[in-house]
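Counting convention: from 1, in listed order, for ligands and their atoms alike.
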Amino acid sequence: MLQNIEKIRLDVSQFSADTKEEVEQFRIKYLGKKGILNELFRQFKAVPAGQKRETGQQINQLKLLINEKIESLLSTIGDEATDDASLDLSLPGPPLEPGARHPISIVRNEIIEIFGRLGYTISEGPEIEDDWHVFSSLNFPPEHPARDMQDTFFIEKDPDILLRTHTSSVQVRVMEKEQPPIRTISPGRVFRNEAISARAHCIFHQVEGLYIDENVSFADLKQTLLFFAHEMFGNGVEIRLRPSYFPFTEPSAEMDISCQICGGKGCNVCKYTGWLEILGCGMVDPNVLEFNHIDSTRYTGFAFGMGIERVAMLKYQVRDLRLYFENDIRFLEQFRSAY
Ligand code: DAH
């Protein structure tokens, strides 16, 4: 009997399997009801008393060995994927997800592309600016509330160095360097000392536009903005200009577009007016031209500034500004199909 056990031990240790099925058959063969081990226990009854102790130990050790063998076989076989029967090599692999552009970049690129077709160049300026470029040269009087600490981030307590609160500062940088005709847009980040909420953020993005030449009129401004609105939101959209005030334009206006969500009927997004504000604009104030050494008797111009988050909100119906900055992958991956 001991010889027989030794032979079985050898068989067990030499056994190998490629599939779970084979391991299961192995288990049944050795540990099943009518398996080899039970047969040994049956024979054990007939073993002479003197050999019972050693034979019993051998059978128990064999049982342990079989269990260990099964465990180690199953752990190397692992999951279904290595099971020949379920491995289909013709199946496509898991998709490689490409990155997506951020919605703000998508909308910024689209704005650049639309104005590019009208011949606008792109210009940039620094985010850390001085008072002259952000306020004074744009005709802000010295006591204007926009300079207030509540609205503007100043750098190191120096009232002259600050984070730009609008991209209008880039207009000035362009006028300093170039003489008309000037036709340029300036996309970029701006900073305001605001409490962060769904509707306000201390960092956001604007695109500034500036067009200066002889005989530029308010009608040119209106036509340019109508073209932009149609390209960005579709031909069905209507625009409305409301009189407003900015120190650097005269006359000044704010532009609304007809609400795309309710079609102008009134909803909670347009606060039941049918209209949504998307930008500020106006004819460049002659003072601003003169501050920048452009002859205001010869040249006129228009300017406008729009919030990219605002345009993106209307395009994608994203109602909470904070989503643009959190970089939650579940938000960002929804823009994968956009360009
Ligand atoms: N700078 C203004 C703002 O941040 C927007 C603006 C209004 C820009 C009128 C312009 C303009 O160029 O002409 O609210």
Side-chain angles (χ1 to χ4, degrees), residues 108 111 115 118 120-125 127 129 131-141 144-148 150-153 162-176 180 182-194 199-213 216-225 228-229 239-257 276-289 291-292 294 296 299-311 313 321:
R108 183 199 54 207
I111 296 170
F115 283 101
L118 294 177
Y120 282 73
T121 60
I122 302 171
S123 33
E124 286 185 333
E127 291 176 349
E129 263 292 8
D131 180 284
W132 172 256
H133 290 91
V134 176
F135 298 124
S136 299
S137 66
L138 288 164
N139 211 29
F140 281 79
H144 195 281
R147 281 197 179 85
D148 204 327
Q150 262 83 53
D151 291 319
T152 304
F153 289 115
L162 43 97
L163 295 180
R164 65 181 179 195
T165 57
H166 54 181
T167 45
S168 302
S169 54
V170 189
Q171 285 187 31
V172 181
R173 298 233 164 235
V174 172
M175 286 187 269
E176 278 171 352
I182 293 171
R183 196 162 20 175
T184 191
I185 53 168
S186 322
R189 275 200 300 188
V190 300
F191 308 85
R192 285 187 199 172
N193 196 354
E194 302 256 13
R199 317 195 82 230
H201 210 289
C202 56
I203 303 176
F204 56 101
H205 299 78
Q206 289 187 329
V207 177
E208 192 77 11
L210 178 69
Y211 181 28
I212 305 174
D213 204 346
V216 176
S217 73
F218 201 94
D220 298 318
L221 169 62
K222 203 170 151 186
Q223 197 57 35
T224 303
L225 295 179
F228 167 73
I239 65 166
R240 173 174 88 167
L241 288 158
R242 274 181 294 105
S244 183
Y245 173 77
F246 300 102
F248 37 95
T249 44
E250 181 59 38
S252 305
E254 279 166 315
M255 186 176 98
D256 300 337
I257 60 164
L276 290 156
E277 184 194 319
I278 69 160
L279 56 82
C281 61
M283 300 306 292
V284 180
D285 192 300
N287 279 349
V288 173
L289 296 176
F291 284 147
N292 292 292
I294 291 174
S296 66
Y299 295 109
T300 51
F302 64 70
F304 56 85
M306 67 181 92
I308 303 184
E309 279 80 358
R310 178 120 209 145
V311 176
M313 171 190 135
L321 274 178

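With His205 as reference, Glu309 is the one residue of Arg189, Glu309, Arg108 to meet the side chain to side chain donor-acceptor pair (under 3.5 Å) rule.
In terms of modelled atom types and a separation under 3.5 Å, the side chain of Ser252 and the main chain of Phe246 share a donor-acceptor contact. For the pair Glu208 (side chain) and Ser186 (backbone), a donor-acceptor distance under 3.5 Å is absent. Between the side chain of Thr152 and the main chain of Ala146, a donor-acceptor pair closer than 3.5 Å is present.
The two residues Glu124 and Val170 have their closest heavy-atom pair at C-CG1, 3.7 Å.
Among protein residues, His166, Ser168, Gln171, Arg192, Gln206, Glu208, Phe246, Phe248, Thr249, Gly280, Cys281, Gly282, Ala303, Phe304, Gly305 come within 4.0 Å of ligand 1, judged on heavy atoms.
Sorted by first and then second residue, the salt bridge (charged side-chain N to carboxylate O under 4.0 Å, His left out) pairs involving residues 276-288 (not counting sequence neighbours) are Arg242-Glu277.
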